[in-house]
Number of protein chains: 2
Amino acid sequence: MVKPAGRQKKVAAAPDPHTEQRILDAAHVVFIRRGTAGARMQDIADEAGVNKALLHYYFRNKNRLAEAVFQGVTSRIFSRLSETLGSDAEIEDKVRRIVAIYIDQLSKTPYVPAYVISELNQHPERTKQFFESVRSPGAKGPPPFLLKLGEQIQAGVRAGTMRAIPPGQFIANIASLCVFPFAAKPMLCTLLDLDDRGFKAFIEERKTGLPEFFLSGLRP
Amino acid sequence: MVKPAGRQKKVAAAPDPHTEQRILDAAHVVFIRRGTAGARMQDIADEAGVNKALLHYYFRNKNRLAEAVFQGVTSRIFSRLSETLGSDAEIEDKVRRIVAIYIDQLSKTPYVPAYVISELNQHPERTKQFFESVRSPGAKGPPPFLLKLGEQIQAGVRAGTMRAIPPGQFIANIASLCVFPFAAKPMLCTLLDLDDRGFKAFIEERKTGLPEFFLSGLRP
DNA sequence: GTCTATATTCAGATAGAC
DNA sequence: GTCTATCTGAATATAGAC
């Protein structure tokens, strides 16, 4: 444990970013597992290996802690995404990249989709917070990457290589196909009679099958 | 209010199915809005227009009430579904029907997907309950409609009208495309800048666009 | 900054009258 | 069967020592 030099050991130290981060990580784990309403401050304290009172010292109350966690999760998800969609790459290329990014990311954090979905449904007021993480603050109207996508689709239609599809539907389709299987993992595993290994294989299979399916769906 | 004839008015009556149903309906509303952990017995009582104690009289405790609601929701969802998938209809026909059924149903109960997703993630033990509502109790291995679907796909591949796709992926794709937009409604509305009317229009547009997209995705 | 101990609030559950 | 009143336990939050 490195300490700032020249400090008397009895003087109260400044907020320890290390501890704060440990608490945040612990809260992340517990909130995602149990949902915000089902999570217990005690469980978070245990997970972080600190005392319950310390959570309040750093985050004041449960709600603020929940917001901090939610903020962290959503910003991580969408940072690379809108970049990719808004780039100048060919549509085929975008699709392949998006699928790869989503599936790799979600394979590591499979609980995230269900967490975000239930949070946003139970706390509509956090939609605003979500909004800020997706777009630049204060922006109005459809986000830039939608316009870009719309142009590319129209070009494809004129060239005769694509069916016409509204960009919003395009986004909804690709997001659905990538995210839903993780959000509905318990359902899918029951329905298709998969254990955890089976699910992993199922997702692996999807990594190549999904771009094929999606791109084929776009052709005229 | 019709009462059984020949009863003295002071004799305790049998459980009133009317009241029980009112409570169940109220619980349905509250659990789906707030999630099981976030729901309050008091709110359910208010919604039903009865006293809190009565909930315990009919359902003993919160957990049993939650199970009853969950049971009701899931059984309603999947009853018509496995029928349709397991029937002898052509694949094209099945796809169109499934999309129509799902979207009509979910348009009336848009909160259901997020509810089921978060319940199943937070209470893995209910997966068994879910299981029973989808298949006949005690069944082993992949459910019959999967086999049926697999045969039809193989026939299509031999005839040269379809690409090869595992039936499990087929199911995952169609479920994703139908259900996810409702589960992620707040996200989608933010991302695509839609209000409630806009979302309704978006779904309407999907009703015809989705079968086209999906069927095109199946072609070789 | 971190802990122990305690206060407070709230929600699930029960007892008992009607 | 339905209500009022109450109990109990749990969980968030605070006070204060170290």
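Naming convention: chains lettered A, B, ... in sequence-line order (proteins, then strands); numbering from 1 in each chain. Reckoned from all heavy atoms, side chains included, excluding hydrogens, waters and symmetry mates.
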Between A/Y57 (OH) and D/dG16 (C1'), how many Å, whole number? 15 Å
DNA chain D-proximal residues of residues 19-45 of chain A, any heavy atom under 4.0 Å: A/A39, A/R40, A/M41
Round to the nearest Å and state the distance from A/K62 atom NZ to C/dT9 atom P. 18 Å
In whole angstrom, what separates A/L55's CG from D/dA11's C1'? 12 Å
Could you check whether atom OH of A/Y111 has more than 12 heavy atoms from other residues, nucleotides or ligands sitting under 6.0 Å from it? no
Give the nucleotide from the list C/dC3, C/dA13, D/dC3 with an atom nearest to the side chain of A/A53. C/dC3
Does OP1 or OP2 of C/dT2 have a side-chain N or O of A/Y58 closer than 4.0 Å? yes
Nearest-Å distance, CZ (A/F59) to P (D/dT12)? 15 Å
Main-chain N/O of A/P186 paired with B/N121 side-chain donor or acceptor, under 3.5 Å: no
Within residues 39-67 of chain A or reaching into it, pairs that qualify as salt bridge (Lys or Arg N to Asp or Glu O under 4.0 Å) - sequence neighbours excluded: none
Minimum-distance nucleotide to A/N51 side chain [options: D/dC3, C/dT2, C/dC3]: C/dC3
Give the rounded distance in Å between these two atoms: CG of A/L65 and C1' of D/dA13. 14 Å
When A/I171, A/L81, A/D93 are each screened for side chain to side chain contact (heavy atoms under 4.5 Å, CB included) with A/I98, the one that passes is A/L81
A/D16, nearest nucleotide to its side chain (from D/dC3, C/dT2, C/dA13): C/dT2
A/Q169 side-chain N/O to B/F202 backbone N/O, donor-acceptor pair under 3.5 Å: yes
Would you sort out whether A/E204 and A/K207 count as a salt bridge (Lys or Arg N to Asp or Glu O under 4.0 Å), showing the intermediate values? CA-CA 5 Å; A/E204 203 54 39; A/K207 230 162 151 173; 3.8 Å; yes
Pair B/F214 + B/F170: ring centers closer than 6.0 Å: yes
A/H56 NE2 - C/dT2 P separation (whole Å): 16 Å
Separation of B/K52 atom NZ from C/dT14 atom P, in whole Å? 12 Å
Nearest-angstrom distance from the residue atom CG of A/N61 to P of D/dA13: 5 Å
